[in-house]
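Encoded as structure tokens, the structure appears first; notes follow it.
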Amino acid sequence: MNLQLEISLRVRRAIAAAFPSAADAAPLVVQAQNAQFGDYQSNAAMGLGKRLGQKPREVAQKIIDQLDLGDLLAKPEIAGPGFINLRLRPEFLAQALAAVATDDRLGVPLAADPRTVVVDFGGPNTCKPMHVGHLRSPIIGDAICRLLRFLGHKVVGDNHLGDWGTQFGLLIAGFRRFGPEVPESADPLERLVAIYKLATALADQDESFRAEARAELAKLQAGDPANLAQWRQFSAWSLSHFNEMYARLGVHFDETLGESSYNSMLAGVVEDLKSRGLARPSEGAICVFWDDEKLPPLLIQKSDGAFLYATTDLATLKYRCDRWHPSEIVIVTDARQQLHFNQIFDAARRWGIAEDVVLRHVFFGTILGPDGRPLKTRSGDLVALKDVLDEAENRALAVVRDKSPDLSSEEMAAIARVVGIGAIKYADLSQNHQSDFVFNWDKMLALQGNTAPYLQYAYARIRSILRKGNEPGLAASAAPLLLTEPAEAALALKLLRLPEAIDAATDDFRLNLLSNYLFELSAVFTTFYESCPVLKSDPAVRAVRLRLCDLTARVLKQGLDLLGIDVVERM
RNA sequence: GCGCCCGUAGCUCAAUUGGAUAGAGUAUUGGGCUUCGAACCCAAGGGUUGCAGGUUCGAGUCCUGCCGGGCGCACCA
């Protein structure tokens with residue numbers, strides 16, 4: 001149960017009963033910022049007082065008079081200008097906790113209205129190794145998919161590969177010219193990149209080679225079998241690299257429909273938009289116009305007849321609507337594409353292909369180095385993704401060696417993978433995705449403070465306790481859990497707020513709200529851990545505390561899993 | 001020139017979308033392991049929320065104008 005929602009409903013009913021003319025007023029129930037004000041508070045009375053011309057504190061009293069406290073709430077208090085302070089009854093806490101402890105979903109309800117959501121994330125360009133700029137989309141997109149799935153929605157995660165474009169003429173011509181002289185290696189993609197560099201260098205100074213590349217591009221676009229086969233080979237090499245990276249990141253896609261998948265639709269898209277009067281010729285090209293100049297023109301066909309990525313994106317939206325009939329399409333890309341997707345979404349709505357479909361652009365900021373500039377190597381290239389992941393794991397491994405020298409080297413390596421990758425993901429997901437992400441190796445992998453390792457460490461410590469205190473039927477009993485210590489009550493309340501954290505994180509895909517919750521849960525737990533001995537306490541108390549430990553571990557594990565972060569039993 | 005985003009503690013970020021005394025981490029300082037894992041905990045200091053107005057019971061949040069930064073804006077994706 002989402003407590004905030006439940007209390008909101010009750011306050012809403014109380015307002016309707018007390019003030020029928022203002023039954024639509026928002027209950028404005030939020031978690032109390034300060035424990036001295038209780039567990040929740042309603043801020044409705046102030047605005048209502050103004051609206052009704054009554055004193056806010058009297059309005060608050062009338063709401064309270066109508067409020068169904070049930071077994072949920074203790075007697076409310078009015079404070080300040082008209083805040084209604086609400087406190088959960090200890091008996092309710094004990095009973096609710098016992099109920100959650102026997103629930104596989106840890107109290108998180110399934111969505112009442114399961115929807116189909118297409119999530120577009122990933123999207124690296126083929127024929128190039130992934131780099132640090134490809135990190136955020138899969139991390140954020142995969143977490144969004146996991147959240148939606150957990151809530152019972154049908155999710156289609158799609159990797160919209162950049163697998164089509166003018167560079168393929170140069171790649172095919174270059175591969176024929178330089179292939180024989182560049183030795184085969186274990187990594188065919190690496191070899192392809194080397195060849196591409198030679199080809200671009202030659203094209204810079206050789207007009208006939210440029211013409212050759214243009215001819216190969218034209219043949220490819222016309223469906224020449226040999227060039228198509230070559231192109232497929234390039235894609236296969238690229239995908240094998242991508243899949244390796246996604247596997248290390250623990251990221252999953254349901255579909256991999258690259259830009260090339262939509263080629264056959266493009267001419268039809270332009271024709272359709274023209275016939276509906278949305279697009280028209282301009283300076284030899286075809287553009288979608290906004291006659292009210294709300295948005296700048298959107299070019300969908302070049303004067304040479306070629307289509308652009310706006311055309312592909314419109315075709316992609318149409319395909320997704322036709323195939324999956326989603327209620328929502330979410331596209332996860334960097335923030336620079338905001339204008340582009342404003343145009344695409346608005347054009348799609350006017351086009352009429354996405355009626356009743358919520359179109360959302362979830363955008364993220366640039367990854368910057370500690371100097372505030374994009375992360376680059378000494379030679380000026382963006383840092384390879386593989387190197388980022390290696391570095392994270394190596395640094396984590398050094399810490400594991402230092403802290404837990406008794407573990408086997410296999411265990412150390414496995415832990416380093418989980419901790420290193422988790423550190424990167426958590427660093428990203430624990431802040432607002434819209435802002436730039438300052439990528440500081442030392443801070444992220446310092447493995448202390450508000451980081452994945454802190455949460456993973458809390459989990460490992462709990463598991464250690466549970467191993468030692470292993471008792472049969474730990475989670476089986478639904479008996480209320482009597483909480484006497486403040487630290488126990490604080491932990492219990494935090495545990496009951498998982499549904500609120502998940503709902504908040506899902507509403508606007510603000511994953512940092514779930515991260516923050518998990519960090520706060522860990523902090524509340526470690527405070528409990530310091531002040532409340534578990535294994536050494538009296539049997540009755542011990543049983544309650546073991547259940548608190550067990551539940552905390554399960555919530556941490558589940559919450560981190562929703563963020564795509566693993567846990568380990570020892571670290 | 002037009003548009004979007006941003007400016008919060010030394011640094012990196014929050015602030016439940018208009019609520020009470022702006023909070024965390026980090027760094028600094030002091031304290032805590034013969035007791036369930038110290039990758040931890042407890043405490044302290046650190047703020048004119050870029051500046052100036054405005055809206056109202058109440059503004060980091062909303063409106064206006066400046067200052068500073070980032071990113072976009074027709075034949076790349």
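Chain letters run A, B, ... following the sequence lines, proteins first and then strands; every chain starts at 1. Predicted model only: the values in this text are computed from it and were never measured.
Considering only side-chain N and O atoms, A:K403 lies nowhere under 4.0 angstrom from the phosphate OP1 or OP2 of B:A38. Residue A:T451 has no polar side-chain atom (N or O) positioned under 4.0 Å from OP1 or OP2 of B:A39. Applying the 4.0 Å criterion to OP1 and OP2 of B:C36, one finds that A:S464 has every side-chain N and O outside that range. The phosphate of B:G25 (OP1 or OP2) has no side-chain N or O of A:S430 nearer than 4.0 angstrom. At the phosphate of B:G37, neither OP1 nor OP2 sits under 4.0 Å from any side-chain N or O atom of A:Y459.
A salt bridge links A:E6 with A:R10: the closest approach of a Lys/Arg side-chain nitrogen to an acidic carboxylate oxygen falls below 4.0 angstrom. The pair A:K294-A:D292 fails the salt-bridge criterion, with no side-chain N (NZ, NE, NH1 or NH2) lying under 4.0 Å from an Asp/Glu carboxylate O.
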Tabulate protein N/O versus nucleotide N/O from nucleotides 7-12 of chain B, keeping only pairs under 3.5 Å, one per line.
{"from": "B:C11", "atom 1": "O2'", "to": "A:K443", "atom 2": "NZ", "distance (Å)": "3.2"}

Produce the list of close N/O pairs, under 3.5 Å, pairing protein atoms with atoms of nucleotides 2-4 of chain B; give distances to one decimal.
{"from": "B:C4", "atom 1": "O2'", "to": "A:Q338", "atom 2": "OE1", "distance (Å)": "3.1"}

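A donor N or O paired with an acceptor N or O is found under 3.5 Å between the base of B:U17 and the side-chain atoms of A:R510. In terms of polar N and O atoms assigned as donor or acceptor, the side chain of A:S303 comes within less than 3.5 Å of the base of B:C75 in a complementary pairing. Applying the 3.5 Å distance criterion, the base of B:A20 shares a donor-acceptor pair with the side chain of A:N85. In this model, a side-chain donor or acceptor of A:Y309 finds a partner on the base of B:A77 within 3.5 Å. The base of B:U21 is not paired with the side chain of A:Q33 by any donor and acceptor separated by under 3.5 Å.
Checking B:G37, B:A24, B:A74 against the side-chain heavy atoms of A:S282 singles out B:A74 as nearest.
Residue A:F363 is the one, among A:F363 and A:V399, whose nearest nucleotide of RNA chain B lies closer to the 5' end (criterion: closest heavy atom). Comparing A:A396 and A:Q337 by the nucleotide of RNA chain B whose heavy atom lies nearest to each, the residue mapping closer to the 5' end is A:A396.
The cationic group of A:R497 lies under 6.0 Å from the six-membered ring centre of A:Y40 and within 45° of the ring axis, placing it in a cation-pi geometry.
Residue contacts for A:A285: at a heavy-atom cut-off of 4.0 Å it reaches a base atom on one of the strands shown. Looking at heavy-atom distances under 4.0 Å, A:Q343 makes no contact with the nucleic acid at all.
By the rule that a glycosidic angle within 90° of 0 means syn, B:U17 counts as syn.
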